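Some notes on the structure that comes next.
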Amino acid sequence: SINDVTVTEGSDPTADFIISLNVASAVQVDVNYATVDGTATSAGDYTATTGTVSFAPAETSKTISVPINDDALAEGTESFTVTLSNNANAVIGDGSGLASIIDDEQAPLSCGEPAYSPSTDQGIFLWQDCATSEWHLRTTGGGSSSGVRYKGDLTGTQNFTSVAEFSIEASDTFDTANPLSVVFDMKMIGSGQDGMDFTFPTGAEPCLDISKPSGATVFVGASKQVFSLPLNIETLGVCN
């Protein structure tokens with residue numbers, strides 16, 4: 001079997017796994033091991049590692065080390081696994097060890113997808129994938145039988161790098177003719193949700209404003225911090 005480990009990026013240079021036999025063997029035992037990407041990926045977060053562990057008769061424990069890489073990204077806790085295979089003279093019990101890497105960068109409030117249900121949570125949800133810098137905006141119906149309408153715009157001081165609509169129907173308006181703005185009028189009913197994914201240059205400071213419904217607020221990041229509109233998405237402050 002192989003155990004699970006938790007390491008801290010920047011503090012722990014390696015993730016050290018223990019591969020063990022539950023009882024000593026009278027003959028040599030061999031097993032292969034290999035890392036498998038999860039939310040943590042090789043090269044960026046850790047160094048891919050493979051090999052073979054051999055237990056001599058009477059040995060019951062071996063340690064393998066996987067190098068952990070320290071990057072400058074605020075990513076939150078990520079993980080990868082080490083799997084066992086091609087065992088000889090023993091049966092694999094727990095053949096997958098999970099390594100959790102605790103990030104040493106402080107993630108901005110905007111990072112991480114919030115937990116919400118379009119069928120029960122009505123609102124405006126905004127978050128950033130801080131590994132890719134892509135932003136996501138979702139508006140939800142929250143189970144309303146009469147429907148909900150979100151009308152507004154997203155305006156930048158520089159052209160948006162990319163804009164992609166999310167679940168926009170024929171009854172919605174989604175205008176990207178001006179590279180400096182996105183004008184939208186999104187309507188949904190029941191458990192529906194609409195929105196967009198977008199990126200912008202550093203320093204562009206896009207401003208999100210919604211005229212309908214009046215007095216709307218937006219839930220930002222995995223912690224769902226509440227902000228009033230209009231909102232400067234770059235600074236999470238008031239639009240200039």
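Note: hydrogens, waters and symmetry copies are ignored here, and every other heavy atom, side chains too, is used. Please read these numbers as outputs of a predicted model, since none were measured by experiment.
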Handout entry: Ile210 vs Val218, side-chain contact (heavy atoms from CB on, under 4.5 Å): CA-CA, chis, key distance, verdict
Key = CA-CA 10 Å; Ile210 292 180; Val218 57; over 6 Å; no
Cut-off 3.5 Å, no hydrogens considered: what does the side-chain donor-acceptor table look like for residues 152-159, sequence neighbours left out?
{"unit_1": "Asp153", "atom_1": "OD1", "unit_2": "Thr155", "atom_2": "OG1", "d": "3.4"}
{"unit_1": "Thr157", "atom_1": "OG1", "unit_2": "Ala204", "atom_2": "O", "d": "2.2"}

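- Heavy-atom minimum distance, Thr77 versus Ser100: CG2-CB, 4.3 Å.
- With hydrophobic clusters built from ILVMFWY side chains whose heavy atoms lie under 4.5 angstrom apart, Leu208 shares a cluster with Met188.
- Cluster partners of Phe166: none. The rule joins Ile, Leu, Val, Met, Phe, Trp and Tyr whenever side-chain heavy atoms lie under 4.5 Å apart, and it links nothing here.
- Residues Ser65 and Thr14 come closest through the heavy atom pair CB-CB, 4.1 Å.
- Separation of atoms CD (Glu234) and SG (Cys207) is listed at 13.0 Å; rounding is to 0.5 Å.
- In the hydrophobic clustering of ILVMFWY residues, with side-chain heavy atoms under 4.5 Å counting as a link, Val163 and Val183 come out apart.
- Within the structure, side chain to side chain donor-acceptor pair (under 3.5 Å) pairs that include any residue of residues 171-192 comprise Arg149-Asp185 (at least two apart or interchain).
- Note on residues 208-229: no pairs pass salt bridge (charged side-chain N to carboxylate O under 4.0 Å, His left out), not counting sequence neighbours.
- At a threshold of 4.5 Å between non-hydrogen side-chain atoms, the residues Asn32 and Thr50 do not count as touching.
- Remark: Thr217 pairs with no residue by the side-chain hydrogen bond (donor to acceptor under 3.5 Å, both in side chains) rule, at least two apart or across chains.
- Clustering ILVMFWY residues whenever any of their side-chain heavy atoms sit less than 4.5 angstrom apart, transitively, puts Trp127 in a cluster other than the one holding Leu236.
- Between the side chain of Asp71 and the backbone N or O of Asp45 there is no donor-acceptor pair closer than 3.5 Å.
- Partners of Thr161 under the side-chain hydrogen bond (donor to acceptor under 3.5 Å, both in side chains) rule, at least two apart in sequence or in another chain, do not exist in this structure.
- With a 4.5 Å cut-off on side-chain heavy atoms, Ile18 and Ser61 count as touching.
- Using cut-offs of 30° and 60° for the angle between ring planes, the Phe198 and Phe160 rings count as perpendicular.
- At distances below 3.5 Å, at least one donor-acceptor pair connects side-chain atoms of Thr35 with backbone N or O atoms of Thr49.
- Once rounded to the nearest 0.5 Å, the distance linking CG of Asn89 with CD of Gln28 reads 8.0 Å.
- The minimum heavy-atom distance between Gln225 and Leu109, with the atom names listed, is NE2-CD2, 3.7 Å.
- For the pair Gly123 and Tyr150, the tightest heavy-atom approach, listed with the atom from each and the gap, is N-OH, 3.4 Å.
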Practice task
Tell me, with the steps shown, if Ser20 and Thr60 meet side-chain contact (heavy atoms from CB on, under 4.5 Å).
Solution key: CA-CA 5 Å; Ser20 58; Thr60 59; 5.8 Å; no
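- In this structure Thr199 satisfies the side-chain hydrogen bond (donor to acceptor under 3.5 Å, both in side chains) test together with Ser162, sequence neighbours excluded.
- Ser54 is linked by a side-chain hydrogen bond (donor to acceptor under 3.5 Å, both in side chains) to Asp30, counting only residues two or more places apart in sequence or in another chain.
- Atom CG of residue Asp194 and atom CZ of residue Phe174 lie 10.0 Å apart, to the nearest 0.5 angstrom.
- Remark: Phe125 engages Tyr116, Phe219 in a ring pair (Phe, Tyr, Trp, His ring centres under 6.0 Å) (not counting sequence neighbours).
- Of all heavy-atom pairs spanning Ile124 and Ala216, the tightest one is CD1-CB, 3.8 Å.
- Judged by distance alone, the side chain of Thr140 and the main-chain N or O of Gln193 form no donor-acceptor pair under 3.5 Å.
- Under the 4.5 Å side-chain criterion, counting only non-hydrogen atoms from C-beta, Met186 is in contact with Ile168.
- Shown here are the salt bridge (Lys or Arg N to Asp or Glu O under 4.0 Å) partners of Glu59, two or more places apart in sequence or in another chain: Lys62.
- Here the CD1 atom belonging to Ile233 is positioned 11.0 Å from the CD atom belonging to Glu205, to the nearest 0.5 angstrom.
- Nearest heavy atoms, Trp135 versus Ser110: CH2-CB, 3.4 Å.
- Of the N and O atoms on the side chains of Thr83 and Thr81, not one donor lies less than 3.5 Å from an acceptor on the other residue.
- Atom OG1 of residue Thr139 and atom CD of residue Gln122 lie 10.0 Å apart, to the nearest 0.5 angstrom.
- Judged purely by atom type and a 3.5 angstrom limit, Asp129 has no side-chain atom pairing as donor or acceptor with the backbone of Glu134.
- Qualifying salt bridge (Lys or Arg N to Asp or Glu O under 4.0 Å) partners for Asp197, counting only residues two or more places apart in sequence or in other chains: Arg138.
- Its side chain within the 4.5 Å cluster rule, Val82 clusters with Ile2, Val5, Val7, Phe17, Ile19, Leu21, Val29, Val31, Tyr33, Tyr46, Val53, Phe55, Ile64, Val66, Ile68, Phe80, Leu84, Ile92, Ile101 among the Ile, Leu, Val, Met, Phe, Trp and Tyr residues.
- For the pair Asp37 (side chain) and Ser42 (backbone), a donor-acceptor distance under 3.5 Å is present.
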